[in-house]
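Have a look at the structure below, then the notes.
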Amino acid sequence: MSTLSVEMLAAAAPTAPITSAGHAQLGIAVLVGIAVIVLLISRFKLHAFLSLTVGSLVLGAVAGAPLDKVITSFTTGLGSTVAGVGVLIALGSILGKLLADSGGADQIVDTILARASRSSMPWAIVLIAGVIGLPLFFEVGIVLLIPVVLLVAKRGGHNLMRIGIPALAGLSVMHGLVPPHPGPLAAIDAIGANLGVTLALGVLIAIPTAIIAGPLFSRVAARWVDVTPPEKLVPQRPSEELERRPGFGITVATVLLPVVLMLAKALVDVVVDDPKAHVQRVADVIGSPLIALLAAVLVGMFTLGRAAGFGRERLSGTVEKSLVPIAGILLIVGAGGGFKQTLIDVGVGRMVLDISKDWSVSALLLAWLIAVAIRLATGSATVATISAAGLVAPLAADMSTTHTALLVLAVGAGSLFFSHVNDAGFWMVKEYFGMSVGQTLKTWSLMETVISVVGLGFVMLLSLVL
């Protein structure tokens, strides 16, 4: 994976100390740039790609940088970010589409639910959401799980929140903390973190966080909100049109294959720690994100596609359809990388270092707070992750590999804080579950806040022991 190393970040930032006047001007430039992005997204409903592009140019102009240099910084950052994470997002999307269209996702759901009792149903749902959420984008995961959530709640006589909140928690935690989702990948690229270590720590934090924000918080949410599953919103499941679908074991193995390969590489790096060793060279290849995800996609074409009876044309069509929805995501992530590079090149990274060195605030807490502020303002977890990662990237210069990974996870946790009316996900959850705005705030929004705060708590805890 192509990442911006700490050395590159240091070289991009000005080496000479910035004067107090420079600090003031840069501080104003950051506030104005972010304000423009927020205003364009929230008030004028401009696409995040265009908003980030305009905001980057405004940031550079207010900072007093030559406009041609600002354009170069933006396009350089956009190009390096897309080069680093674009292929990974595309491969993840293909794997997710194969999982959905082949009926593999439904097979995982049905197998786990068949073995779950009434009392263990919320736990079964969060497990399903976590497994399915590994390769699937949040929005796709919601669409896949909504029929299950509504049917289980109706047939089992459950309060919809007891089943819905665990499903949403499992998906959201994976979206914010675990690569290969776009936000964590972009933050890893910006901060220069090790993907394998970040993945391992992300999963370690995601499991207890999903439990607390899912099955446990759903008990509270169910007391606050009691809604009836809306009949009209039960869509057809993909596997209902298939004559057969892949088995449970092979489906789970295919989904977990890239995770296992990347974690194996991280483990070999720790145990062997010899770049010339044959085993480490092999692990570096098969455990690289590109090869791990590519292997999962190629294997999935047989274990998922062929198992569902897909011919060559159907497989080709599935791959083609999977790439269409990610165009907007790639542009947003790329523009976020351009915004990040503009921040670095005009000297904001050095400014953050100069100012924060006199603070007693932990770098992890600072990263979380910045991500929270941008998330509340823009409503976009991805924009919050990319922008915050660009601001705090220089703080990783003197950090260990594990603490650099924790910095990524602190940003990811902050990006999930209190989803509200400026977040498209807020309205998606509201409509699917048939809730009012107030009910959505008391359930979905608070659940997101629980994930964010608990995630930060585990990040800070790990920072003390690693």
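Residues: numbered from 1 along the sequence shown.
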Can you list the residues that meet the side-chain hydrogen bond (donor to acceptor under 3.5 Å, both in side chains) rule with [X], with sequence neighbours excluded?
{"X": "S172", "answer": "E448"}
{"X": "T385", "answer": "S415"}
{"X": "S93", "answer": "none"}
{"X": "S452", "answer": "W368"}

Return all side-chain donor-acceptor pairs below 3.5 angstrom for residues 254-264, not counting sequence neighbours, or 'none' if the list is empty.
from, atom 1, to, atom 2, distance (Å)
T254, OG1, I250, O, 2.7
T254, OG1, T303, OG1, 2.8

With sequence neighbours excluded, tell me which residues meet ring-ring contact (aromatic ring centres under 6.0 Å, His included) with F74.
->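 Residues passing ring-ring contact (aromatic ring centres under 6.0 Å, His included) with F74: none at all.
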Under the salt bridge (charged side-chain N to carboxylate O under 4.0 Å, His left out) test, residues paired with K97 that sit two or more places apart |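 K97 satisfies salt bridge (charged side-chain N to carboxylate O under 4.0 Å, His left out) with D101 once adjacent residues are dropped.
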Nearest-0.5 Å distance that lies between atom [atom1] in [X] and atom [atom2] in [Y]:
{"X": "L406", "Y": "M399", "atom1": "CG", "atom2": "CE", "value": "8.5 Å"}
{"X": "L171", "Y": "H181", "atom1": "CG", "atom2": "NE2", "value": "8.0 Å"}
{"X": "D345", "Y": "S56", "atom1": "CG", "atom2": "OG", "value": "11.0 Å"}
{"X": "L95", "Y": "L304", "atom1": "CG", "atom2": "CG", "value": "7.0 Å"}

Where at least one partner belongs to residues 277-294, residue pairs that pass salt bridge (Lys or Arg N to Asp or Glu O under 4.0 Å), sequence neighbours excluded |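 Of all non-adjacent pairs touching residues 277-294, those that pass salt bridge (Lys or Arg N to Asp or Glu O under 4.0 Å) are K265-D284.
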Sort and list the pairs that fulfil salt bridge (Lys or Arg N to Asp or Glu O under 4.0 Å) and have at least one residue in residues 51-72, not counting sequence neighbours.
->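 Qualifying pairs: none.
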Under 3.5 Å, which donor-acceptor pairs do the side chains of residues 57-67 form with other protein atoms, sequence neighbours left out?
none

Only one of T209, L177, L409 passes side-chain contact (heavy atoms from CB on, under 4.5 Å) with F458; say which it is.
->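 Of the listed options, the one satisfying the test is T209.
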Between side-chain atoms of residues 313-332 and protein atoms elsewhere (two or more places apart, or another chain), which donor-acceptor pairs fall under 3.5 Å?
from, atom 1, to, atom 2, distance (Å)
T318, OG1, R314, O, 2.9
S322, OG, V319, O, 2.6

If only atom types and distance count, is the side chain of R375 paired as donor or acceptor with the main-chain N or O of A384 below 3.5 Å?
->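 The answer is no, because no donor-acceptor pair under 3.5 Å joins these two groups.
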Donor-acceptor contact present, side-chain S419 to main-chain S445, <3.5 Å |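 Answer holds: no.
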Trace of the side chain to side chain contact (heavy atoms under 4.5 Å, CB included) decision for V297 with L293 | CA-CA 6 Å; V297 167; L293 279 167; 5.5 Å; no
Cut-off 3.5 Å, no hydrogens considered: what does the side-chain donor-acceptor table look like for residues 193-208, sequence neighbours left out?
from, atom 1, to, atom 2, distance (Å)
N194, OD1, G196, N, 3.0
N194, OD1, V197, N, 2.9
T198, OG1, N194, O, 2.7

